[in-house]
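Whatever order the structure lists ligands and atoms in, that order sets their numbers, starting from 1. Excluded from the calculations below are hydrogen atoms, water molecules and symmetry mates; all remaining heavy atoms, backbone and side chain alike, are included.
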Amino acid sequence: MIVVCGAGGFIGGHLVQALVQQGDRPVRAVDVKPISEWYQVSPEAENLQLDLREKEHCEMALYGASQVYNLAADMGGMGFIENNKALCMLSVLINTHLLMAAEKYGIERFFYSSSACIYPAYRQTTPDVEALKESDAYPAMPEDGYGWEKLFSERMCRHFSEDFGLVTRVARYHNVYGPHGTYDGGREKAPAAICRKVIEAKLSGVHEIEIWGDGNQTRSFMYIDDCVKGTLDIMASDIEEPLNLGSSQLVTINQLVDIVEAIAGVKLKRSYNLSAPKGVNGRNSDNTLIQSLMDWQPNIRLEDGMEKTYRWIYQQMTKKQVLAVSR
Ligand code: NAD
């Protein structure tokens, strides 16, 4: 039995689909949200609503399991993590209780989804940043709140391996995007937020867009299919150290907006909100280590991935509009 925690969310939902398709072992999908609110539900999986901050719920989730993917966390884009540091840090309960249950039940393999937010702020001060290598994590000065929790949880995985012999694998995800994720409500990340804003402008005819920060901040974005493949590969590998999992194609937020405008066939008047949360000035993934250790590299071009994401968000938004009109 393979358990996916956080299966009602964006990456977890896609991972469950991939594991069900592989068909090697039965899949159990777990999330705190009611199942009706999951982004994707696979009827072939055993779907459970559990609060994984609770130790007993973690034991229920992992009972009879051999492999565990922990993707459950209270998280969102910069707007959420900069304003909800305590909530982000409370996700430490999830990974702690899952590791304890994994150790208790002698789980074969445990995967933890860490983040590029563990990297120190002092390495990300300019838009033309040097890509982040795994060894750059220390001396530590991660994103306050969310990043500290991720770095602590990574280390907890490491010590459960060293002290209890639990096999753990860790990926540091760099900005993952794609369909079936959050695009409104305050937890969305830049690619989905920009798609939504461009679609709102297109549908309303008000051809304006507000961009958080000055638009010159840089990031790399990994399409969900590349993320799922990398996650499965890292889980199956014998690599004990945390690995970057991200794209190394660096773009500015302005360039990301250019891409979405081209997909939508509109040109918008841009305004820049310099007091909005914008995160570090620049961040990129150095993929040298992962490419030296395994056969993985991001395959989906940003333009292609954004097109699929845009189409999905457009469908969701126009569906909502039709429902609102017919009420
Ligand atoms: P998401 O918010 O879509 O999914 C996380 C899921 O965890 C949600 O469905 C949420 O309900 C669930 N969850 C939260 N608290 C829970 C609890 N107490 N018990 C059970 N489930 C709970 O986020 P995502 O984008 O799919 O991210 C998955 C993982 O990858 C997270 O750990 C996140 O920190 C990490 N990550 C994501 C990105 C990204 O760009 N999406 C980047 C870096 C790291």
Side-chain angles (χ1 to χ4, degrees), residues 3-17 28-41 47-58 60-62 68-78 80-81 84 87-98 101 111-119 132 142-143 145-151 153-154 157 170-193 219-224 226-228 230-231 234 242-247 279 283 285 305 309:
V3 181
V4 178
C5 304
F10 166 49
I11 303 174
H14 285 277
L15 185 62
V16 169
Q17 300 279 332
R28 181 180 293 153
V30 181
D31 203 286
V32 72
K33 294 187 291 201
I35 294 169
S36 59
E37 292 174 22
W38 293 17
Y39 292 129
Q40 300 187 75
V41 180
N47 298 303
L48 300 178
Q49 184 188 359
L50 293 170
D51 184 348
L52 296 170
R53 284 170 302 186
E54 305 291 334
K55 186 164 164 260
E56 296 71 28
H57 287 213
C58 287
M60 282 190 254
L62 267 49
V68 178
Y69 290 86
N70 177 16
L71 297 141
D74 211 348
M75 60 90 67
M78 286 317 300
F80 181 79
I81 65 178
N84 295 277
L87 277 184
C88 289
M89 292 205 87
L90 280 172
S91 295
V92 77
L93 294 174
I94 300 175
N95 200 55
T96 304
H97 289 144
L98 282 174
F111 174 91
Y112 178 64
S113 54
S114 185
S115 162
C117 288
I118 63 98
Y119 286 111
L132 294 158
E143 172 79 36
Y146 177 73
W148 276 108
E149 190 279 323
K150 289 284 178 197
L151 193 62
S153 291
E154 278 191 4
C157 289
V170 176
R172 291 179 182 154
Y173 292 154
H174 289 245
N175 288 310
V176 190
Y177 73 97
H180 300 284
T182 312
Y183 64 90
D184 63 3
R187 286 179 185 252
E188 62 279 15
K189 298 185 150 211
R219 294 289 185 280
S220 68
F221 299 97
M222 167 171 58
Y223 189 64
I224 182 66
D226 286 328
C227 172
V228 168
T231 300
I234 289 177
L243 286 176
N244 279 338
L245 198 65
S247 160
R283 174 178 290 158
S285 177
T309 309

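Counting the atoms of ligand 1 from 1 in the order shown, those under 4.0 Å from a heavy atom of G6 are 6 (C), 7 (O). Within ligand 1, counting atoms from 1 as listed, the ones closer than 4.0 Å to a heavy atom of G8 are 9 (O). Residue-ligand proximity, S114 to ligand 1, at heavy-atom distances under 4.0 Å covers atoms 43 (C), 44 (C). Distances below 4.0 Å separate heavy atoms of L52 from the following atoms of ligand 1: 17 (C), 18 (N), 19 (N), 20 (C). Ligand-side atoms of ligand 1 in range of R53: 18 (N), range being under 4.0 angstrom from any heavy atom. Numbered from 1 in the order shown, with element, the atoms of ligand 1 that lie under 4.0 Å from a heavy atom of N175 read 40 (O). Shown in contact with K33 at under 4.0 Å from a heavy atom are these atoms of ligand 1, numbered in order with element: 9 (O), 11 (O).
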message: Assess the residue pair L245 and M222 against the criterion (side-chain contact (heavy atoms from CB on, under 4.5 Å)); give the C-alpha distance rounded to whole Å, side-chain angles, the decisive distance to 0.1 Å, and a yes or no.
response: CA-CA 8 Å; L245 198 65; M222 167 171 58; 4.0 Å; yes

message: Using the rule given for side-chain contact (heavy atoms from CB on, under 4.5 Å), can you reason through W148 versus C88, listing the C-alpha separation, both sets of side-chain angles and the distance that settles it, and then say yes or no?
response: CA-CA 9 Å; W148 276 108; C88 289; over 6 Å; no

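A cation-pi contact, defined as under 6.0 Å to the ring centre and within 45° of the axis, links K33 to Y39.
Among all non-hydrogen protein atoms, the one lying nearest atom 22 (C) of ligand 1 is V32 CG1, 3.5 Å. If you check which protein heavy atom lies closest to atom 26 (O) of ligand 1, you get I11 N, 2.8 Å. Scanning all protein heavy atoms for the shortest distance to atom 3 (O) of ligand 1 gives F10 N, 2.8 Å. Looking from atom 28 (C) of ligand 1 to the surrounding protein, the closest heavy atom is L71 O, 3.3 Å. Scanning the protein heavy atoms around atom 38 (C) of ligand 1, the nearest turns out to be K189 NZ, 3.6 Å. Of all protein heavy atoms, the one closest to atom 9 (O) of ligand 1 is D31 OD2, 2.7 Å. Closest protein heavy atom to atom 40 (O) of ligand 1: V176 N, 2.7 Å. Among protein heavy atoms, the minimum distance from atom 18 (N) of ligand 1 is reached at D51 OD1, 2.8 Å.
At distances below 3.5 Å, not a single donor-acceptor pair connects side-chain atoms of S247 with backbone N or O atoms of S220. Although no hydrogens or angles enter the test, the distance criterion places no donor-acceptor pair under 3.5 Å between the side chain of E149 and the main chain of G147. No side-chain donor-acceptor contact under 3.5 Å links S153 to the backbone of V92. Formation of a donor-acceptor pair under 3.5 Å by the H14 side chain with backbone atoms of P179 is found in this model. Listed for the N244 side chain is no donor-acceptor partner under 3.5 Å among the backbone atoms of G246. Side chain of H57 to main chain of L52: no donor-acceptor pair is present (N/O by atom type, distance under 3.5 Å, no hydrogens or angles).
The minimum heavy-atom distance between E188 and A193, with the atom names listed, is CG-CB, 3.8 Å.
Contacts between Y146 and ligand 1, counted as non-hydrogen atom pairs separated by less than 4.0 Å, involve the side chain only. Contacts with ligand 1 closer than 4.0 Å are made by no heavy atom of N70, backbone or side chain. Here K150 has side-chain heavy atoms under 4.0 Å from ligand 1, and that is the only part of it that gets that close. At a heavy-atom distance under 4.0 Å, no atom of H174 approaches ligand 1.
At least one heavy atom of L50 sits closer than 4.0 Å to an atom of ligand 1.
Comment: E154 engages R172 in a salt bridge, judged by a side-chain N to carboxylate O separation of less than 4.0 angstrom.
At a 3.5 angstrom cut-off on N or O pairs, D74 does not count as close to ligand 1. Where the criterion is an N or O separation shorter than 3.5 Å, residue side chain and backbone included, A72 fails it with respect to ligand 1. In terms of polar-atom proximity, I94 is not counted as a contact of ligand 1, lacking any N or O under 3.5 Å from an N or O of the ligand.
Shown are L48, N70, L50; of these, the side chain to side chain contact (heavy atoms under 4.5 Å, CB included) with C5 is made only by N70.
F221 and Y177 have perpendicular rings, their planes meeting at more than 60° on a 0 to 90° scale where under 30° would count as parallel.
How far CE of M75 is from NZ of K189: 4.0 Å, rounded to the nearest 0.5 Å.
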